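On a predicted model such as this, the values are computed, not experimentally measured, just so you know. Remember, it's 1-based here, ligands and their atoms both numbered in the order they're listed.
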Amino acid sequence: MKRVSPLFLVLLVLGSLFAAYNLLTMIIHYKTSSSENWDLSDPIIRMPENLKEGGGSNSKYHVALTATDAPYSQWQCRIMYYWYKKVQDMPRSDMGKFTRILHSGKPDNLMEEIPTVVVDPLPEGLDRGYIVLNRPWAFVQWLEKATIDEEYILMAEPDHVFVNSLPNLAHGNHPAGFPFFYIKPAEHEHIIRKYYPKDKGPVTDIDPIGNSPVIIRKSVLEEISPTWMNVSLRMKDDPETDKEFGWVLEMYAYAVASALHGVRHILRKDFMVQPPWDLEVGKKFIIHYTYGCDYNLKGELTYGKIGEWRFDKRSYLSGPPPRNLSLPPPGVPESVVRLVKMVNEATANIPNWDTFNRG
Ligand SMILES: *[C@@H]1O[C@H](CO)[C@@H](O)[C@H](O)[C@H]1NC(C)=O
Ligand SMILES: *[C@@H]1O[C@H](CO)[C@@H](O)[C@H](O)[C@H]1NC(C)=O
C-alpha cells in the first residue's frame with residue numbers, strides 16, 4: 001500500500017478549503033445582472049451553484065398573509081384563502097397551515113372564516129398613511145407570539161392567487177424571492193448607502209426583491225424582521241429616501257435588511273405571473289393582480305386608459321366585486337382570462353359573498 005505523504009494531505013485540505021471559500025464568495029458576491037439581461041427562458045435567475053442540482057427542501061412552509069380589516073383587504077383575503085385551500089394538498093405542494101396576520105389591532109368579521117392572528121398596528125401616526133409600513137412590525141409580533149409548526153414561512157399578500165401547486169422553493173438558509181424589475185438598488189446607491197454602509201459590501205449584495213412573495217426559514221426571518229422594521233422606519237423618516245422610493249420603500253427596506261444579515265435570495269422568475277404584462281400562467285405559481293387590466297373590445301391592451309372591458313382591484317376599494325364578472329373579450333391574454341375565471345370561481349363558492357361588506 002502506498003503511503004500518502006503528509007504534504008499531500010495538507011495540500012488536499014488547503015485545496016478543499018480554497019474551493020469552499022470560492023463557493024462562499026461566489027454566493028456572497030454573485031452579481032445580479034440587470035433585468036434586461038435576464039434569461040427569461042430560465043425561471044431561476046440566480047441560484048447558489050452548490051444548490052443547482054438536487055431537489056429543494058422538503059420542509060413545509062406556513063402561509064402568512066398580512067392584511068387589514070378594510071373591506072378592500074378583506075375581499076382579496078377571502079379569494080386568496082379560497083385558492084389556498086384548493087391547492088394546499090395538491091401533489092408537490094409543501095404548503096402547511098395558513099395565518100392571516102391582521103395588523104388592525106382588533107378582530108374583524110372574518111375571524112371564523114380565515115385562521116387569523118391579530119397584532120397591533122404601529123403607534124398612531126408612525127406610518128404616515130403608508131399602511132404597508134405595518135408589515136414588518138406585524139411579522140415581528142406574530143413570530144414572537146404564535147406557535148408555528150412549519151420550519152418555513154411564505155410571506156404572501158391579499159392580491160395573490162395560488163394557481164399551481166407551490167413547493168418549498170427555499171434551500172436551507174437561502175430564501176426564495178421574486179425579482180421585481182423596478183427594484184434596482186444599484187441605481188439608488190446614494191440612498192442605499194445611508195442604510196447599507198460601504199464596509200458591509202457592494203450594493204449589488206442587495207436583492208431586487210420585496211418581502212413578498214418570499215419563502216424563508218423561520219429562524220432567518222426572526223433575525224431579519226426587527227432590522228426590516230428598523231430600516232423601514234428610518235427610510236420613511238428620511239425625506240430624501242421617502243421621496244425617491246415612494247410606494248416601494250418598504251420593499252427596499254426588506255431587501256436592505258436581508259442583505260445586512262448576509263442573506264441572499266434565490267431569485268425565481270416563475271414565482272408569480274403579473275397580468276396584463278405576463279401573458280400566460282404556464283407553470284408559474286401565483287397570479288399577482290396588482291396591475292389594472294384594461295382592454296378594448298378588440299382585445300387590445302389600453303393600459304393607463306380605462307378599457308371597455310376591465311378588471312382592476314382598485315375598482316373595488318369600498319366593497320367586493322360582484323359575482324360572475326364578465327369574461328374579457330376574445331384576444332385578451334390567457335393570464336387575464338384565467339385570473340377572472342379564478343376570481344369568479346372563488347366568489348361563486350364563498351358563502352355570503354354578495355351580502356358580506358355591503359353597506
Ligand atoms: C434602529 O437601530 C438603530 C441602531 O441600532 C437605533 O439607533 C435606532 O434608534 C433604531 N431606529 C428605530 C426607528 O427603531
Ligand atoms: C354569468 O354571466 C353570464 C353573462 O355574462 C351569464 O350568461 C351566466 O348565466 C352567468 N352565470 C351565473 C352562474 O350567474
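- Taking the six-membered ring wherever Trp is involved, the centroid distance between the rings of H265 and Y254 falls below 6.0 Å.
- Partners of D278 according to the side-chain contact (heavy atoms from CB on, under 4.5 Å) rule, which considers only residues two or more places apart in sequence or in another chain, are V273, Q274.
- Remark: N173 pairs with R217, V220 by the side-chain contact (heavy atoms from CB on, under 4.5 Å) rule, at least two apart or across chains.
- Residues of the protein with a heavy atom under 4.0 Å from ligand 2 are N324, listed by chain and number.
- L297 and V340 end up in different hydrophobic clusters when Ile, Leu, Val, Met, Phe, Trp and Tyr side chains are linked at under 4.5 Å.
- In the hydrophobic clustering of ILVMFWY residues, with side-chain heavy atoms under 4.5 Å counting as a link, V119 and L102 come out apart.
- Residues in residues 66-83 take part in these salt bridge (Lys or Arg N to Asp or Glu O under 4.0 Å) pairs, two or more places apart or across chains: D69-K106, R78-E113.
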